[in-house]
There are 2 protein chains.
Amino acid sequence: MNGKEGSMAIQDVEHCECSEIHQNTIEQVLEQMPDEDVLYDLAELFKVFGDSSRIRILFALYGADICVCDLAETLNMTQSAVSHQLKILKQSKLVNSRREGKQVYYFLADDHVRRIIAQGMEHVTE
Amino acid sequence: MNGKEGSMAIQDVEHCECSEIHQNTIEQVLEQMPDEDVLYDLAELFKVFGDSSRIRILFALYGADICVCDLAETLNMTQSAVSHQLKILKQSKLVNSRREGKQVYYFLADDHVRRIIAQGMEHVTE
DNA sequence: TGAATATATGAACAGATATTCATATGAAAG
DNA sequence: CTTTCATATGAATATCTGTTCATATATTCA
């Protein structure tokens with residue numbers, strides 16, 4: 001009895017007890033929303049940036065390619081911890097790596113990463 | 001015995017067993033790194049974007065001001081869950097609110113939010 | 001081939017976090 | 001002022017996540 005009836009289906013649960021629901025507002029908003037999976041991917045992307053260790057790694061790689069060991073030393077982290085985080089960063093396509101003998105050098109994948117970080121910095125440092 | 005001695009102090013622990021540490025690389029990287037607290041704040045900021053529910057809320061608010069109840073209904077969330085997330089978004093200064101009678105309308109705080117999201121979208125939808 | 005070194009990875013644990021449930025607050029209408 | 005309605009909030013819980021520890025993999029050098 002809230003103006004939403006019939007063919008909606010899937011989940012016919014109430015989510016709030018309010019009676020003042022603006023149905024047309026809701027529909028308009030829903031129309032301009034990206035697909036659920038895009039939203040999910042976007043959240044996942046930001047989640048990767050949302051950790052101090054990973055942000056520090058990304059900043060370290062901002063200007064130069066660095067090997068795992070130097071990263072660990074620079075950031076006061078365990079080699080293992082760095083490796084784990086680098087794996088996450090690589091899976092998210094934020095960094096890439098190349099092998100040089102025994103060492104593996106990591107570097108930022110592209111300029112998207114730099115731009116996203118730069119945007120965030122603007123908000124933080126204003 | 002790794003070339004780093006004397007006045008460093010604070011934490012004199014080894015973080016990896018590598019002997020091939022490039023000391024000058026490390027120093028250069030450390031110089032161009034922002035302060036720890038800036039990095040922390042930046043990570044905290046992205047952490048807020050790094051959750052599906054909050055991203056969905058932000059997208060819903062992208063084009064229009066919406067009250068809590070409509071948000072809940074639109075996003076298939078509990079009113080309580082929405083409120084909790086809105087609080088986090090507000091504390092991070094990503095949204096603001098105004099009261100209109102019994103309802104509270106939320107809206108994006110500024111264009112930083114839109115730009116950060118837009119940058120993320122570029123990476124995700126490419 | 002074998003030893004040494006740099007990196008990767010799996011399991012376990014501790015800390016963080018999103019949701020739910022119950023309830024409090026605050027505005028509005030009678 | 002009392003009731004009703006919209007929102008806020010505290011506590012509890014289940015889930016997720018980052019680090020550590022132990023160990024595996026892979027490359028170089030003797």
Side-chain angles (χ1 to χ4, degrees), chain A residues 1-2 13-22 25 40 43-44 46-58 65-92 95-107, chain B residues 1-2 13-22 25 40 43-44 46-58 65-92 95-107:
Chain A
M1 222 81 81
N2 61 355
V13 204
E14 283 312 307
H15 301 96
C16 64
E17 274 76 42
C18 315
S19 50
E20 276 230 19
I21 294 174
H22 311 91
T25 303
Y40 181 83
E44 289 301 302
F46 284 126
K47 197 173 291 178
V48 177
F49 286 95
D51 173 81
S52 293
S53 297
R54 287 191 293 265
I55 279 283
R56 290 166 76 231
I57 291 176
L58 291 174
D65 306 5
I66 312 183
C67 66
V68 179
C69 187
D70 284 347
L71 273 175
E73 195 65 24
T74 305
L75 305 177
N76 276 269
M77 292 175 63
T78 301
Q79 174 269 316
S80 177
V82 173
S83 262
H84 278 296
Q85 298 307 337
L86 283 172
K87 185 176 188 180
I88 294 175
L89 290 169
K90 196 168 185 182
Q91 284 172 338
S92 313
V95 306
N96 264 316
S97 63
R98 68 165 181 282
R99 186 149 217 143
E100 280 189 18
K102 274 182 286 188
Q103 330 217 348
V104 177
Y105 280 81
Y106 281 82
F107 50 94
Chain B
M1 223 77 84
N2 59 356
V13 204
E14 283 311 308
H15 302 96
C16 64
E17 275 76 44
C18 315
S19 50
E20 276 229 18
I21 293 174
H22 311 91
T25 303
Y40 181 82
E44 288 302 303
F46 284 126
K47 198 174 291 180
V48 177
F49 285 94
D51 174 81
S52 292
S53 298
R54 287 191 292 265
I55 279 283
R56 288 166 77 232
I57 291 176
L58 291 174
D65 305 5
I66 313 182
C67 66
V68 179
C69 186
D70 283 347
L71 274 175
E73 195 65 25
T74 305
L75 305 176
N76 276 270
M77 292 176 65
T78 301
Q79 174 268 316
S80 177
V82 172
S83 263
H84 279 295
Q85 297 306 338
L86 283 171
K87 185 177 189 180
I88 294 175
L89 290 168
K90 198 170 185 182
Q91 285 173 337
S92 314
V95 306
N96 264 317
S97 63
R98 67 166 183 282
R99 185 149 216 142
E100 280 189 18
K102 274 181 287 189
Q103 330 217 348
V104 178
Y105 281 81
Y106 281 81
F107 50 94

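Every chain is numbered from 1, with letters handed out A, B, ... down the list of sequences.
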Does [X] put a side-chain nitrogen or oxygen below 4.0 Å from OP1 or OP2 of [N]?
| X | N | answer |
| --- | --- | --- |
| A:R54 | D:dT17 | no |
| A:K47 | D:dT17 | yes |
| A:Y106 | C:dA8 | yes |
| A:K87 | C:dT9 | yes |

Rounded to the nearest 0.5 Å, what separates atom [atom1] in [X] from atom [atom2] in [Y]?
| X | Y | atom1 | atom2 | result |
| --- | --- | --- | --- | --- |
| A:I55 | A:L75 | CD1 | CG | 12.0 Å |
| A:M77 | A:S52 | CE | OG | 10.0 Å |
| A:I57 | A:L71 | CD1 | CG | 6.0 Å |
| B:D70 | B:Y105 | CG | OH | 6.5 Å |

- request: Just compare C:dA18, D:dA8, C:dT7 and give me whichever is closest to any side-chain atom of B:V68.
  value: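 Among the listed nucleotides, the one closest to the side chain of B:V68 is D:dA8.
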- prompt: Out of D:dT27, C:dT19, D:dA8, which has the shortest distance to the side chain of B:Q85?
  reply: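 Closest nucleotide among those given: C:dT19.
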Nucleotide forming a Watson-Crick or wobble pair with D:dA22, both distances under 3.5 Å: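 Across any shown strand, D:dA22 pairs with C:dT9.
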Please give, in whole Å, the distance from [N] [atom2] to [X] [atom1]?
| X | N | atom1 | atom2 | value |
| --- | --- | --- | --- | --- |
| A:L75 | D:dG18 | CG | P | 16 Å |
| A:L89 | D:dG18 | CG | P | 10 Å |
| A:Y105 | C:dT7 | OH | P | 8 Å |
| B:R99 | C:dA28 | CZ | C1' | 10 Å |
| A:E44 | C:dA18 | CD | C1' | 14 Å |
| A:I88 | D:dT17 | CD1 | P | 9 Å |
| B:F46 | D:dT17 | CZ | C1' | 19 Å |
| B:Q103 | C:dA28 | CD | P | 11 Å |

query: Does B:R54 use its side chain to pair, donor to acceptor, with the backbone of B:K47 at less than 3.5 Å?
result: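 Looks like yes, one N/O pair under 3.5 Å.
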- prompt: What heavy-atom pair brings B:S92 and B:V48 nearest, and what distance separates the two atoms?
  reply: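 Looks like OG-CG2, 3.3 Å.
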List every contact pair, protein side and nucleotides 20-22 of chain D side both N or O, where the distance is under 3.5 Å.
from, atom 1, to, atom 2, distance (Å)
D:dT20, OP2, A:T78, OG1, 2.9
D:dT20, O4, A:H84, NE2, 3.1
D:dC21, N4, A:S80, OG, 2.6

task: Any chance you could lay out the side chain to side chain contact (heavy atoms under 4.5 Å, CB included) test for A:F107 and A:N96, step after step, and finish with the verdict?
output: CA-CA 6 Å; A:F107 50 94; A:N96 264 316; 3.5 Å; yes
message: Reading DNA chain D from 5' onward, which residue's closest nucleotide shows up sooner: A:G101 or B:S97?
response: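 That would be B:S97.
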